Novice: 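This is the structure, below, for whatever I ask next.
Because the structure is predicted, anything quoted here is derived from the model rather than measured. Naming convention: chains lettered A, B, ... in sequence-line order (proteins, then strands); numbering from 1 in each chain.
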Number of protein chains: 2
Amino acid sequence: MVGQEGDDTADASDVVGGDANAPVALDDGLRGELAELTATLCKALNDPKRLLLIYALADGPRSVGALAETLGASQTNVSQHLAILRERGVVGTERRGPSIIYSLRYPELIGAVDQLRGILSRELDRRQQLVAG
Amino acid sequence: MVGQEGDDTADASDVVGGDANAPVALDDGLRGELAELTATLCKALNDPKRLLLIYALADGPRSVGALAETLGASQTNVSQHLAILRERGVVGTERRGPSIIYSLRYPELIGAVDQLRGILSRELDRRQQLVAG
DNA sequence: CTCCCAGATGCGCAGGTACGCATATACTTG
DNA sequence: CAAGTATATGCGTACCTGCGCATCTGGGAG
């Protein structure tokens with residue numbers, strides 16, 4: 001059982017129908033659900049190792065073993081993190097011989113994370129200036 | 001407002017500067033640290049209520065009480081979440097009379113989150129199709 | 001100074017999450 | 001079928017996090 005499957009994530013179906021990319025113009029109730037869903041996605045990015053995994057996968061599909069070695073983490077641990085990313089729909093799997101190859105399902109995700117990193121570095125820069133001067 | 005992306009470029013060095021040492025390109029170790037920092041920022045976005053707070057603040061600075069009412073949450077709870085956002089540098093405060101006004105320090109953050117939401121809605125869309133056939 | 005209002009903070013509990021270990025499953029080869 | 005390799009999963013533990021309750025702090029009014 002390698003494929004992707006449904007999981008928790010409640011009945012997001014409602015949300016899907018109504019919204020696609022309208023930034024800030026929703027009903028209050030929907031906003032709550034959408035925020036919850038977004039938070040669900042954010043949880044995928046909530047862990048340093050998962051972020052590392054995502055960046056590793058940005059370079060192309062990889063096997064679990066390869067990823068484990070890249071991160072310097074155990075197979076078990078990496079597998080667990082990948083399971084989370086899989087549940088959240090961030091990565092997809094494909095069997096290749098004895099190995100299972102993971103890949104990013106939404107490469108744009110890297111762009112979003114990079115944007116966060118940009119904000120982060122500006123923030124750190126600012127703190128530096130506070131300390132320095 | 002979801003516009004810009006594809007920037008980053010060498011922000012890593014700056015980040016490092018804030019941390020400890022020399023201007024090296026990001027090797028494995030640094031990537032780990034950067035991922036950790038990014039995860040720290042992501043933790044700010046990890047909670048539905050905090051996301052809601054951020055979106056509320058996107059409309060302009062607001063007092064704690066106003067935010068609490070908007071979210072339908074208790075003052076204590078909102079204050080706690082705001083404290084987290086403050087620690088992470090996401091929001092700033094300003095005293096105005098008896099109230100304390102919170103505001104977004106990096107409005108671009110909304111753009112990044114919107115990007116995540118875009119990915120999310122695509123993902124949900126995809127799941128719908130799976131169910132629908 | 002005293003009272004009140006807007007927020008912040010400490011504490012304790014409940015639920016969630018990461019991790020390692022041992023074990024189960026799927027594919028491959030002999 | 002047996003053994004080996006590549007991943008996945010269940011369990012127990014230690015830690016982190018969200019939440020409410022009670023309490024403390026700071027500004028403004030009488």
Novice: Distance check needed: C/dA8 P versus B/Glu94 CD, whole Å only.
Specialist: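 My rounded result for the distance is 13 Å.
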Novice: Measure from CD on A/Glu69 to P on D/dT7 and round the result to the nearest Å.
Specialist: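 Atom CD in A/Glu69 sits about 12 Å away from atom P in D/dT7.
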Novice: Under 4.0 angstrom, heavy atoms only, what part of the nucleic acid is B/Ile84 near: base, sugar-phosphate, or nothing?
Specialist: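 Sugar-phosphate, backbone atoms only, no base.
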Novice: B/Leu71 CG to D/dG20 C1': how many Å, rounded?
Specialist: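 Going from CG in B/Leu71 over to C1' in D/dG20 covers 16 Å.
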Novice: List the steps and the verdict of side chain to side chain donor-acceptor pair (under 3.5 Å) for A/Thr70 and A/Arg62.
Specialist: CA-CA 10 Å; A/Thr70 299; A/Arg62 298 257 213 144; 3.3 Å; yes
Novice: Output yes when at least one side-chain N/O atom of A/Ser99 is less than 4.0 Å from OP1 or OP2 of D/dA6, else no.
Specialist: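 False: A/Ser99 side-chain N/O out of range (4.0 Å or more) of D/dA6 OP1/OP2.
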Novice: Under 4.0 Å, heavy atoms only, any strand: does B/Arg50 hit a base, just the sugar-phosphate, or nothing?
Specialist: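 The answer is sugar-phosphate, as B/Arg50 gets under 4.0 Å only of primed atoms, P, OP1 or OP2.
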Novice: Go nucleotide by nucleotide along DNA chain D from the 5' end; which of A/Pro98 and A/Gln80 gets its closest nucleotide reached first?
Specialist: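 Taking each residue's closest nucleotide, the earlier one in sequence belongs to A/Pro98.
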Novice: Distance check: side-chain N/O of A/His81 vs OP1/OP2 of C/dT17, anything under 4.0 Å?
Specialist: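 For C/dT17, OP1/OP2 do not have a side-chain N/O of A/His81 under 4.0 Å.
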Novice: Can you measure B/Leu85 atom CG to C/dG7 atom P for me and round it to whole angstrom units?
Specialist: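 In whole Å, C/dG7 P and B/Leu85 CG are 16 Å from each other.
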Novice: Please report the distance, rounded to the nearest Å, between CD in A/Glu87 and P in C/dG16.
Specialist: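 In whole Å, C/dG16 P lies 14 Å from A/Glu87 CD.
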Novice: Do A/Ile100 and A/Leu82 have side-chain heavy atoms sitting under 4.5 Å apart?
Specialist: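 Side-chain contact under 4.5 Å: no.
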Novice: Looking at A/Thr40, is its backbone amide N or carbonyl O close enough to the side chain of A/Arg88 to form a donor-acceptor pair, meaning the two atoms are under 3.5 Å apart?
Specialist: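 Here the side-chain-to-backbone pair exists.
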Novice: I need the CD1-P distance between B/Ile100 and C/dC5, as an integer number of Å.
Specialist: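 Those two atoms, CD1 and P, are 17 Å apart.
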Novice: What heavy-atom pair brings B/Thr38 and A/Arg117 nearest, and what distance separates the two atoms?
Specialist: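 Looking at all heavy atoms of both residues, the shortest contact is OG1-CG, 3.5 Å.
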Novice: Does B/Lys43 place a side-chain N or O at less than 4.0 Å from the phosphate oxygens OP1/OP2 of D/dC16?
Specialist: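 So the side-chain polar atoms of B/Lys43 never come under 4.0 Å of the phosphate oxygens OP1 or OP2 of D/dC16.
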Novice: Describe the nucleic acid contact of B/Thr76 in one word from base, sugar-phosphate, nothing, applying a heavy-atom distance below 4.0 Å.
Specialist: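 Here B/Thr76 touches the bases of the nucleic acid.
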Novice: So, is B/Ser79 close to the C/dG7 phosphate, meaning a side-chain N or O under 4.0 Å from OP1 or OP2?
Specialist: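 Answer is no, no contact under 4.0 Å.
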Novice: Rounded to whole angstrom units, what separation is found between the CG atom of B/Leu82 and the P atom of D/dT17?
Specialist: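 Taking CG of B/Leu82 and P of D/dT17, I get 17 Å after rounding.
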Novice: Check this for me: does the side-chain of B/Gln75 come within 3.5 Å of the base of D/dG20 through a donor and an acceptor?
Specialist: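 Answer is no: no donor-acceptor pair is held.
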Novice: Within the structure, does a side-chain N or O atom of A/Ser74 lie under 4.0 Å from either OP1 or OP2 of C/dG20?
Specialist: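 So the side-chain polar atoms of A/Ser74 do come within 4.0 Å of the phosphate oxygens OP1 or OP2 of C/dG20, strictly under.
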Novice: If hydrophobic clusters are built by linking Ile, Leu, Val, Met, Phe, Trp and Tyr wherever their side-chain heavy atoms come under 4.5 Å apart, do B/Ile84 and B/Leu104 end up in the same one?
Specialist: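 Hydrophobic grouping puts B/Ile84 apart from B/Leu104.
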Novice: Could you tell me the separation between the CZ atom of B/Arg86 and the P atom of C/dG7, rounded to a whole number of Å?
Specialist: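 Rounded to the whole Å, the gap is 12 Å.
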Novice: OP1 or OP2 of D/dA6 sitting under 4.0 Å from any side-chain N/O of A/Tyr102?
Specialist: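 Negative; the distance criterion is not met.
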